[in-house]
**Q** 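What follows is a single structure, and I will ask about it in a moment.
Here the structure is a predicted model, which means the values were calculated and not measured. Chain letters run A, B, ... following the sequence lines, proteins first and then strands; every chain starts at 1.
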2 protein chains.
Amino acid sequence: MPDRKESEADHQTREEARAQSGEAAPALALSGGGEGASKLGRDDWVRAAYAMLAEGGAASLSVERLAARLGVTKGSFYWHFKDRADLLDALRRRWTQQLVITRVEAAGGAPEEKVAHLLDIVVRSTRQRRGGSLELAMRSWARRDAETARVVEAVDQERLDYTAGLFRQIGFDPEEAEARAFLLYAYVFSQGVFTFMEEKALLARIHALCRRRIAEPEDGARAAE
Amino acid sequence: MPDRKESEADHQTREEARAQSGEAAPALALSGGGEGASKLGRDDWVRAAYAMLAEGGAASLSVERLAARLGVTKGSFYWHFKDRADLLDALRRRWTQQLVITRVEAAGGAPEEKVAHLLDIVVRSTRQRRGGSLELAMRSWARRDAETARVVEAVDQERLDYTAGLFRQIGFDPEEAEARAFLLYAYVFSQGVFTFMEEKALLARIHALCRRRIAEPEDGARAAE
DNA sequence: CTGCGTCAATACGGTTGCGTATGGAACGAT
DNA sequence: ATCGTTCCATACGCAACCGTATTGACGCAG
């Protein structure tokens, strides 16, 4: 039975639970909170649920396990949320606002640099594993939930459009820009999905080459200048 | 509550269940079966479960819903399988044996043609949606199950190695072959994952271009001939 | 007809999970 | 001190599942 193995130790204090889950204390909630930050805010719940979503997917995200992870009981959960569906809504919204684009835009620079930044996102990100799990969880969830499917498709579309725009700014014609944008997106997404990409060696070997195939102009007809 | 909505109508005959689930009757089981094929074999269960895995993921694959889908009760299930874990094992094995590589090899031809075949797999496949869902479900499942992670990684590695081998046969040096193999895999995988790829128009627009970026030699230095 | 193997129905106990109801502790305001 | 707000605990009913035990229907060999 390869599925569950926890849920034996229940009944524990908040501090114990936090200690064993390896999670940092909420730390915001009340801005003046001194040490323990004894009360949880809605945002603490959403953040913890977000982590669980990445680990186990939406289907195995239960209210009671979430509460146990936070060291409280579900009595508290239903004070902050109407429903489990209410929590899931919040998760969808949070994921939508986790914008990669704004991060890239904030870094600024020429379109070429932005593309390079996009290409390196997974490589740079220390916790690529979690990012990939999230993307995976969202898409797996989207297969059986229409609203999630809507959200995910919208985000994908936005990312693709943005990337295609960069390529157009660089000078590719619209079709070529769209194709390269998709290739780039597929490449970055796959980096987060395939576990053998965690061997740094493989990634180091192929990254520069992939980057060239995706982002550089054709070698024969070098455009202008 | 966007999750469940079925499981109200239970208690029905086998034929009713099959009719309303829109599924074809098992149709093998007993090779001499005339009409209804009244008895189910272990393989029928695995096949039905395989379909449910694609639709809902491993977490939401329950024995009782599976039985209901087949028009029987779980009393029957536990005759064919020791466990739910037993069924999941069978699913993992089935997925492992669903070899794309052998299909491509069977078609034969020069390495270039095989690469082309790989590139067109999703485009050709009429039920790309289901294939993508399966790949997605397996990987989402693998994030929380070690054995599945092992299986998936082995399959990915095999596919990557095979594709890299093709590129080496074409004449690329090993590093370039590996990089292009990954790009190809990422491209094909992503086609099955992103829902906006279901618009045939977009795919038609970018496919040729992507194919060139992935499979064709650099335009500047055209190799030999 | 009898017995046996095969597949399935029914019934049961146990666990997990959802959502509700209700009460209590901490804290600030009046 | 009293009250209201905020967060949490406990207890309950209910449904979905898992796995087991028992019994039944059906075909087939003897």
**Q** Could you walk me through whether A:Glu105 and A:Tyr162 satisfy the side chain to side chain contact (heavy atoms under 4.5 Å, CB included) test, starting with their C-alpha distance in whole Å, then the side-chain angles of each, then the deciding distance to 0.1 Å, before giving a yes or no?
**A** CA-CA 10 Å; A:Glu105 277 301 311; A:Tyr162 172 75; 2.5 Å; yes
**Q** Test salt bridge (charged side-chain N to carboxylate O under 4.0 Å, His left out) on A:Arg92 and A:Asp145; report intermediate values, then the result.
**A** CA-CA 11 Å; A:Arg92 274 187 289 253; A:Asp145 181 78; 2.9 Å; yes
**Q** Quick one: closest heavy-atom pair of B:Leu136 and A:Ser140, and the distance?
**A** CD2-N, 4.1 Å
**Q** How many angstroms lie between CZ in B:Arg143 and OG1 in A:Thr195, if you round to the nearest 0.5 Å?
**A** 7.5 Å
**Q** Please report the distance, rounded to the nearest Å, between CH2 in B:Trp79 and C1' in D:dT22.
**A** 17 Å
**Q** Between A:Leu61 and A:Gly75, name the one whose nearest nucleotide on DNA chain C is closer to the 5' end.
**A** A:Leu61
**Q** Mind calculating the distance between CG (A:Asp86) and P (C:dT20) to the nearest angstrom?
**A** 12 Å
**Q** Could you state the NE2-C1' distance from A:His80 to D:dT6, rounded to the nearest angstrom?
**A** 8 Å
**Q** Check if the side chain of A:Lys74 and the base of C:dG19 share a donor-acceptor pair of N or O atoms closer than 3.5 Å.
**A** yes
**Q** Round to a whole Å and report the spacing from NZ of A:Lys39 to P of D:dT6.
**A** 10 Å
**Q** Could you give the CD-to-C1' distance, from B:Glu64 to C:dC12, as a whole number of Å?
**A** 13 Å
**Q** Categorize A:Thr73 for me: base, sugar-phosphate, or nothing, with a 4.0 angstrom heavy-atom threshold over every strand shown.
**A** base
**Q** Rounded to whole Å, how long is the line connecting atom OH of A:Tyr78 with atom C1' of D:dG13?
**A** 14 Å
**Q** Quick one: A:Arg84 CZ to D:dA16 P, roughly how many Å, whole number?
**A** 15 Å
**Q** For A:Trp45 and D:dC7, give me the distance from atom CH2 to atom P, rounded to whole Å.
**A** 12 Å
